[in-house]
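What follows is a set of notes on a single structure, which appears directly below.
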Amino acid sequence: MTDAVDRLNDVRARIAAAAREAGRPAGDVTLVAVSKTFEAEAIRPVIDAGQRVFGENRIQEAQRKWPALKAAHPDLVLHLIGPLQSNKAADAVALFDVIETVDRDKIAAALAAEMAKQDRRPRLSMQVNTGMEPQKAGIAPAEAAGFLARCRDTHGLAIEGLMCIPPIDENPGPHFALLHKLAGELGLTGLSMGMSGDYETAIAFGATAVRVGSAIFGSRG
Ligand SMILES: *Cc1c(COP(=O)(O)O)cnc(C)c1O
């Protein structure tokens, strides 16, 4: 076994334990293994250990790594977890199975057009900027309801969940609680929150997907 596979098994066990502690079945929480910066040789053992859901934050990097891996393993599910520019919407729709970072009308319109053109329907989540950080992507919490309605009514897009990246220097708990509350108000069930340092906390706050990179693949140097 490689180190990454040992760490993967440890993360899986911790997810199951955190879910149990929260009174939820372990199957409630999807582990998205974040493989950004790692090449296919580092990813393959993790696939061979049964992991099927992966996340990447850069489209060009993902295009270099994932077509061959997906061809070899048709059941892989690839999440886009990084910011999306509208001129990359075609590439994103072609490669990704889940796009977690829908956060403005221009992107929603570009995705809708590409989904129709390519006849591909990646699942979609909305990124929420829970910390209202100016440099960070995501819609402001107060604008989430309006944007969700425009996604549905103007763009014809079904958004199934919310995603957030709490400010790096703050306790993530209140941000996870805010996202959970917002999802309830909006009638959405998917909650992508929690990374290597705080995924167990996120599960306690209702995460249905955790995005874990360095705790599986090691530090990104
Ligand atoms: C890199 C990244 C992660 C994983 O971060 P780790 O701390 O390595 O687990 C999760 N979510 C997003 C959006 C990322 O860019």
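As the structure lists them, so they are numbered: ligands from 1, and atoms in each ligand from 1.
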Taking the side chain as every heavy atom from C-beta outward, state whether K70 and L95 have any atom pair closer than 4.5 Å.
-> yes
Can you check side chain to side chain contact (heavy atoms under 4.5 Å, CB included) on H73 and I47, steps first, answer last?
-> CA-CA 9 Å; H73 303 274; I47 296 174; 3.6 Å; yes
Within a strict 4.5 Å, meaning less than it, do heavy atoms of the V212 and V34 side chains meet?
-> no
Let me see the working for S125 and E160 under side chain to side chain donor-acceptor pair (under 3.5 Å), right down to the final yes or no.
-> CA-CA 6 Å; S125 285; E160 58 178 48; 5.4 Å; no
Anything under 3.5 Å between an N or O on ligand 1 and a protein N or O? List each pair with its distance, or write none.
from, atom 1, to, atom 2, distance (Å)
ligand 1, 8 (O), S214, N, 2.8
ligand 1, 8 (O), S214, OG, 2.9
ligand 1, 8 (O), R220, NH1, 2.7
ligand 1, 8 (O), R220, NH2, 3.1
ligand 1, 9 (O), S196, N, 2.9
ligand 1, 9 (O), S196, OG, 2.5
ligand 1, 9 (O), G213, N, 2.8
ligand 1, 11 (N), R211, NE, 2.9
ligand 1, 15 (O), K36, NZ, 2.7

Distance flag, aromatic centroids of F54 and W66, threshold under 6.0 Å = yes
Do the non-hydrogen side-chain atoms of V46 and Q51 ever get within less than 4.5 Å of each other?
-> yes
